[in-house]
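Worksheet: the structure to be examined is printed underneath.
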Number of protein chains: 2
Amino acid sequence: MKGRRGFQQSAFTLTDVAREAGVSEITVSRVIRAKGAIAEETRRRVEAAIRKVGYVPNRIAGSLASAGSDLIGIIIPSLGNIVFPDVLRGLHDAISGRGFRAVVSVTDYRLDAERDLVRALLSWRPAALIVTGCEHEPDSRHMLAHAGLTVVEVMDIDGDPIDIAVGMSHARAGRETAAFLLGRGYRRFGYVGHDLERDLRARRRREAFLATIRQAGASLAGEVIVPGPSSVPAGRTALAALRDAHGGIDAVYFSNDDMAIGGVFHCMAAGIAVPASLAIAGFNGLDMGQALPQPLTTVLTRRYEIGRCAGQAVLDRFDGLAVPAATDVGFELLPGATA
Amino acid sequence: MKGRRGFQQSAFTLTDVAREAGVSEITVSRVIRAKGAIAEETRRRVEAAIRKVGYVPNRIAGSLASAGSDLIGIIIPSLGNIVFPDVLRGLHDAISGRGFRAVVSVTDYRLDAERDLVRALLSWRPAALIVTGCEHEPDSRHMLAHAGLTVVEVMDIDGDPIDIAVGMSHARAGRETAAFLLGRGYRRFGYVGHDLERDLRARRRREAFLATIRQAGASLAGEVIVPGPSSVPAGRTALAALRDAHGGIDAVYFSNDDMAIGGVFHCMAAGIAVPASLAIAGFNGLDMGQALPQPLTTVLTRRYEIGRCAGQAVLDRFDGLAVPAATDVGFELLPGATA
DNA sequence: TTGAAAGCGCTAACAT
DNA sequence: ATGTTAGCGCTTTCAA
């Protein structure tokens with residue numbers, strides 16, 4: 001159980017099993033992969049031998065010999081934002097039944113880190129690579145486009161897919177939220193967001209939101225952008241700051257539900273009537289927001305579905321089926337009760 | 001970009017790079033791994049050749065030759081419960097800087113699924129395997145104990161570690177929560193939980209909680225256990241059900257913060273004064289609960305820290321350093337304002 | 001500082 | 001139904 005490097009482990013190989021069972025290696029290999037015809041009696045002997053020596057196949061050797069791994073690389077910006085575990089969950093549910101394994105890497109929203117991870121994961125010759133969003137460094141795009149494997153870009157379909165894209169239009173979500181709030185009669189808007197340099201999808205929602213309210217002759221009366229990642233406490237303090245700095249705002253668009261729920265909590269604590277004095281809208285449709293005494297006005301995103309579709313696309317491609325270049329899983333505006 | 005099976009990709013090998021640079025394969029290999037002495041001039045030529053052909057190393061071949069991968073297998077019960085992404089985040093932060101990659105698998109809280117995943121991940125000859133909890137099927141334990149690699153059991157230190165355990169005592173957390181509520185004068189308790197057949201740690205907290213209140217002469221006046229996973233909506237409806245069925249309860253222990261926050265929302269919506277009419281306690285110390293108008297009474301768990309320590313243990317073992325068999329990251333009772 | 005030879009443990013292709 | 005042969009692309013000796 002020591003092993004300075006940690007990996008000599010089960011020293012047994014196919015050869016040992018074959019000797020034990022009195023057959024050739026390839027026969028053992030066939031039994032293990034359930035491939036080719038094997039006599040019932042032989043299979044039993046081989047299986048007994050496998051159990052006897054406690055043989056664990058070596059997929060590194062197997063993958064090298066067969067020129068293919070059952071690994072699927074996935075590169076996401078963060079594990080701290082609940083949306084990515086949700087995507088991962090969907091992906092995992094789709095692929096694990098077929099024996100694929102997810103190798104997970106995190107960029108922390110840095111495209112240069114993404115480039116390095118693309119290279120690192122490609123070196124494992126995965127069956128597919130799943131990346132987040134449609135913005136990548138030219139190097140990344142080039143590697144992905146020429147690696148000769150299935151590439152799925154998830155979350156976002158506002159760009160030009162390298163291979164396959166599965167997601168939704170964040171621009172459209174921003175527009176529709178703006179239209180909804182305008183329709184409810186709000187005119188003096190605030191925005192509360194988190195680090196937009198890095199969260200490119202939140203940025204796109206904000207831009208589309210602003211364009212839409214301006215087109216309608218309404219204005220952005222003020223905004224607060226916190227430097228770090230989104231969180232409930234950040235949303236809570238940011239809304240307090242926004243109200244301190246700017247009067248007369250009647251509706252606030254938050255970069256996502258975490259931030260918006262923080263905003264709702266601030267209003268509860270400060271005795272601000274929602275939506276009478278202030279309307280609040282978020283993005284994602286988290287359970288939590290819908291379980292609030294007043295359900296949050298937000299956009300329900302299908303994160304799990306994105307992961308599941310991405311996984312299915314990988315399987316379909318693997319099976320030689322045609323896969324559309326872009327799949328829009330859509331979204332749903334939840335009117336809620338905070339706007 | 002097709003590739004029926006998705007993995008012939010960058011057809012270039014070391015041999016191609018070597019030919020291009022006019023050196024032998026091993027020299028290219030040395031340049032790539034920055035191992036052994038290389039003349040400056042040679043290095044430059046090799047690097048140029050690598051860039052020219054767009055060579056991506058094949059770590060499958062490399063791992064086979066060097067008898068070791070830089071993969072770390074991780075097996076968790078779920079991605080739906082925020083605690084596991086948190087652990088994953090800590091693990092990732094610890095290991096990714098050293099070039100290790102996490103291969104993630106999910107058991108859905110089934111120990112038989114865990115067994116299969118242990119076998120599947122061992123077949124990748126990972127540098128280490130990280131599993132959740134201290135309860136495993138005998139087969140799993142046996143494979144893990146004899147695989148000759150670093151094994152870390154995370155979350156829980158209430159058992160007998162296979163190799164290394166990093167976590168906290170859930171029994172102690174249950175006891176201390178009970179002691180805290182007893183100290184505040186509560187005597188008629190309720191419990192609201194989720195699927196305890198599967199979440200063994202939640203079960204252990206509950207048992208320790210019950211033992212403690214009984215020892216103090218208090219009683220469990222009623223409980224509601226919802227069948228599925230924990231969630232805010234589940235906690236909300238379960239508390240409503242508990243209050244319908246049982247009168248006179250003055251404090252409710254929830255299986256975790258998600259459930260407890262749902263309970264708080266129910267009280268808000270139903271006009272139940274917290275903690276005057278009903279006290280609420282959770283487990284995990286999620287941000288969300290602490291950002292509530294009344295911060296939740298709960299136990300702060302160090303999930304990120306567990307992942308980070310587990311990763312560090314793997315690195316230390318890899319570096320030949322001694323690693324303690326059990327690391328207790330501890331927890332902290334947050335008094336909050338709901339009890 | 002560089003290279004030649006010999007595998008790592010498995011599977012594809014071709015027998016038998 | 002089973003076996004033989006020849007690698008997969010790299011790294012580890014061991015030489016030079």
Side-chain angles (χ1 to χ4, degrees), chain A residues 4-5 7-47 49-50 53-70 122-126 147-148, chain B residues 4-5 7-47 49-50 53-70 122-126 147-148:
Chain A
R4 172 99 179 51
R5 310 197 53 203
F7 32 58
Q8 59 281 55
Q9 60 207 87
S10 155
F12 292 108
T13 70
L14 263 195
T15 317
D16 301 307
V17 177
R19 185 180 312 118
E20 180 69 34
V23 296
S24 71
E25 304 179 25
I26 188 68
T27 300
V28 178
S29 173
R30 284 181 181 128
V31 169
I32 286 170
R33 290 174 300 145
K35 200 175 179 186
I38 301 286
E40 204 31 53
E41 145 71 3
T42 310
R43 149 171 295 109
R44 241 190 303 280
R45 277 222 315 288
V46 169
E47 279 166 353
I50 288 174
V53 306
Y55 172 68
V56 177
N58 183 332
R59 287 208 52 78
I60 292 182
S63 296
L64 181 59
S66 66
S69 85
D70 54 13
L122 282 179
S123 77
W124 279 104
R125 298 299 186 263
Chain B
R4 172 97 179 52
R5 311 196 55 203
F7 33 57
Q8 59 283 56
Q9 59 206 91
S10 156
F12 293 108
T13 71
L14 263 195
T15 316
D16 301 307
V17 177
R19 186 181 310 117
E20 180 69 33
V23 297
S24 71
E25 303 178 25
I26 185 64
T27 300
V28 178
S29 173
R30 285 181 180 126
V31 169
I32 286 170
R33 290 174 300 143
K35 201 176 179 186
I38 300 287
E40 205 30 54
E41 146 71 4
T42 310
R43 151 172 294 110
R44 240 189 305 279
R45 277 221 315 288
V46 169
E47 279 167 353
I50 289 175
V53 305
Y55 172 67
V56 177
N58 183 333
R59 286 207 54 77
I60 292 182
S63 297
L64 180 59
S66 66
S69 85
D70 54 13
L122 283 179
S123 77
W124 279 104
R125 298 299 187 264

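Atom set for the values below is all heavy atoms of this structure, side chains included, hydrogens, waters and symmetry mates excluded. All chains are named by letter (A, B, ...) in the order of the sequence lines, taking the proteins before the strands, and each is independently numbered beginning at 1.
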If the condition is side-chain hydrogen bond (donor to acceptor under 3.5 Å, both in side chains), which residues does A:Arg43 pass it with, not counting sequence neighbours? none

Looking across every strand, which nucleic acid part, if any, lies under 4.0 Å from B:Ala37 by heavy atom: base, sugar-phosphate, or nothing? base

Quick one: B:Arg43 CZ to C:dT1 C1', roughly how many Å, whole number? 12 Å

So does A:Thr42 get a side-chain nitrogen or oxygen closer than 4.0 Å to the phosphate oxygens (OP1/OP2) of D:dT2? yes

Among all residues two or more places apart in sequence or in another chain, which pass the side-chain hydrogen bond (donor to acceptor under 3.5 Å, both in side chains) test with B:Arg33? B:Ser29

Write out a two-atom table: protein N or O, nucleotide N or O from nucleotides 6-10 of chain D, distance below 3.5 Å.
| residue | atom | partner | partner atom | Å |
| --- | --- | --- | --- | --- |
| D:dC8 | O2 | A:Ala65 | N | 3.2 |
| D:dG9 | N2 | B:Ala61 | O | 3.3 |
| D:dC10 | OP1 | B:Tyr55 | OH | 2.2 |
| D:dC10 | OP1 | B:Asn58 | N | 3.3 |
| D:dC10 | OP2 | B:Leu14 | N | 2.5 |

Please tabulate the protein-to-nucleotide N/O contacts below 3.5 Å involving nucleotides 13-16 of chain D, giving atom names and distances.
none

From A:Ser123 atom OG to B:Asp70 atom CG, the distance as rounded to the nearest 0.5 Å: 7.5 Å

Round to a whole Å and report the spacing from CZ of A:Arg44 to P of D:dA1. 14 Å

Suppose we screen for salt bridge (charged side-chain N to carboxylate O under 4.0 Å, His left out). Which residues come up paired with B:Arg30, at least two apart in sequence or across chains? none

For C:dT2, does OP1 or OP2 lie under 4.0 Å from any side-chain N or O of B:Thr27? no

Applying side-chain hydrogen bond (donor to acceptor under 3.5 Å, both in side chains) to B:Thr27 and not counting sequence neighbours gives B:Ser24

For A:Arg19 and D:dT2, give me the distance from atom CZ to atom P, rounded to whole Å. 20 Å

Review item, side-chain donor-acceptor pairs of residues 35-42 of chain B, under 3.5 Å, at least two apart:
| residue | atom | partner | partner atom | Å |
| --- | --- | --- | --- | --- |
| B:Glu41 | OE2 | B:Arg45 | NH1 | 3.1 |

Hits for side chain to side chain contact (heavy atoms under 4.5 Å, CB included) against A:Ala49, two or more places apart or cross-chain, chain-then-number order -> A:Val17, A:Glu20, A:Ala21

Name all residues meeting the salt bridge (charged side-chain N to carboxylate O under 4.0 Å, His left out) criterion together with B:Glu25; count only those two or more places apart in sequence or in a different chain, and write none if there are none. none

For atom CD1 of A:Ile32 and atom P of C:dC10, their distance in whole Å: 7 Å

